[in-house]
Amino acid sequence: MAKTGTSTQGLRTAIERSGYYPALVAEAVEAAVGGEPVASYLVNQETTFDANEVRRHVTVLVLTGSRFIVSHTDEQAADDTSPSPYTTTSTESVKIGRISSVVVSRVVADPEEYTPGTPPREVVLTIGWGAVNRIDLEPAACADPDCEADHGYTGSSTADDLSLRVSEAGDGPDAVRDTLAFAQALSEATAAQD
């Protein structure tokens, strides 16, 4: 489920509708937002299956006039550190000018019959601001198959701060539209920073 909008009260209502520890999630998000007006938000709840356990996770993305705020809340089963189940909530506040990329990947069925305005069946929103980079390295080689020289390594570095996947089948068509609307608002905000 994803919900989007542009008001602080709408944000709280969307968090409450998610049903995922709403008081806890709302308190963390509202503390991060502070007194800034909300320009856009997206609330996305996911359920995952981990071995024999069902785990829930909620991501809340908020755009203000100057910041992009990310909140994650995960539930954990009882473990060595806690005799009862618990949640972990984190928030990160990023200045809009630090956002280096907003990538929207769309999956469209039957592209030869695509009609403009039809929502894709799946959207992956990837946002990078330089906090997390993934580095993939492999030994470098040359074209000579008999060469035994050490050519060092080659690889790539990819910004991978946040990736959010929403599908029509799993989350519903409104979730896909809401994710696209938030991505557009974020893209426009980053473009205005240039």
Side-chain angles (χ1 to χ4, degrees), residues 1-5 8-34 36 38 40-64 67-95 98-105 107 122-136 157-183 186:
M1 167 178 52
K3 292 291 174 202
T4 190
T8 303
Q9 183 55 46
L11 172 59
R12 179 173 266 285
T13 300
I15 291 170
E16 289 171 356
R17 250 190 237 133
S18 79
Y20 184 78
Y21 306 115
L24 174 69
V25 173
E27 181 179 52
V29 170
E30 289 170 357
V33 170
E36 280 193 87
V38 172
S40 185
Y41 63 83
L42 179 68
V43 177
N44 184 58
Q45 183 185 330
E46 307 176 56
T47 302
T48 58
F49 300 94
D50 182 21
N52 295 330
E53 296 180 28
V54 176
R55 292 187 188 220
R56 295 181 299 166
H57 172 90
V58 69
T59 301
V60 180
L61 308 178
V62 180
L63 179 62
T64 71
R67 298 179 299 144
F68 167 63
I69 298 163
V70 181
S71 174
H72 295 286
T73 301
D74 292 292
E75 64 184 355
Q76 309 292 328
D79 58 23
D80 295 339
T81 65
S82 176
S84 60
Y86 62 98
T87 63
T88 304
T89 301
S90 64
T91 57
E92 182 174 3
S93 178
V94 180
K95 289 186 179 196
R98 284 196 46 215
I99 296 176
S100 55
S101 66
V102 177
V103 180
V104 180
S105 301
V107 177
E122 182 178 312
V123 172
V124 178
L125 173 60
T126 305
I127 304 166
W129 57 91
V132 178
N133 284 308
R134 183 180 65 241
I135 298 176
D136 296 316
S157 174
T158 308
D160 199 15
D161 294 309
L162 174 78
S163 190
L164 184 72
R165 177 185 172 270
V166 178
S167 72
E168 181 180 47
D171 304 294
D174 288 344
V176 172
R177 279 191 287 278
D178 292 346
T179 303
L180 290 171
F182 183 82
L186 183 59

Let me confirm one number: the [atom1]-[atom2] distance from [X] to [Y], rounded to the nearest 0.5 Å.
X	Y	atom1	atom2	result
T64	Y41	OG1	OH	15.0 Å
L61	L186	CG	CG	8.5 Å
Q45	R17	CD	CZ	13.5 Å
L63	I99	CG	CD1	7.5 Å
S40	D178	OG	CG	9.5 Å
T91	E30	OG1	CD	12.0 Å

Keeping [X] on the side-chain end and [Y] on the backbone end, is there a donor-acceptor pair under 3.5 Å?
X	Y	result
S167	E122	no
R98	W129	yes
S82	D79	no
R56	E75	no

Q) Looking at side-chain heavy atoms only, is the closest gap between T126 and S101 below 4.5 Å? A) no
Q.
Just so I know, are the side chains of T89 and Y21 near enough to count as touching, which here means a heavy-atom distance under 4.5 Å?
A.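 With C-beta onward as the side chain, the pair stays apart.
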Q: Starting from the C-alpha separation in whole Å, work towards a yes-or-no answer on side chain to side chain contact (heavy atoms under 4.5 Å, CB included) for V33 and T8.
A: CA-CA 9 Å; V33 170; T8 303; 5.6 Å; no
Contact summary for [X] and [Y], nearest pair of heavy atoms:
X	Y	result
V25	Y20	CG2-O, 3.4 Å
A183	V102	O-CG1, 4.2 Å
R165	D171	O-OD2, 4.2 Å
L162	F68	CD2-CZ, 4.2 Å

Q: Show the numbers, then the answer: is there a side chain to side chain contact (heavy atoms under 4.5 Å, CB included) between V123 and L180?
A: CA-CA 8 Å; V123 172; L180 290 171; 3.8 Å; yes
Q. Do other residues, nucleotides or ligands put more than 12 heavy atoms under 6.0 Å from the CD atom of E27?
A. no
Q: Apply side chain to side chain contact (heavy atoms under 4.5 Å, CB included) to D161 and I127, showing your working.
A: CA-CA 6 Å; D161 294 309; I127 304 166; 6.0 Å; no
Q: Assess whether side chain to side chain contact (heavy atoms under 4.5 Å, CB included) is satisfied between V60 and L11, documenting all intermediate values.
A: CA-CA 9 Å; V60 180; L11 172 59; 3.9 Å; yes
Q: Can you sort out the partners of E168 under salt bridge (Lys or Arg N to Asp or Glu O under 4.0 Å), two or more places apart, ordered by chain and number?
A: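 E168 satisfies salt bridge (Lys or Arg N to Asp or Glu O under 4.0 Å) with no residue once adjacent residues are dropped.
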Q.
Given V62, which partner from the list V70, V29, L42, V43 fulfils the side-chain contact (heavy atoms from CB on, under 4.5 Å) test?
A. V29
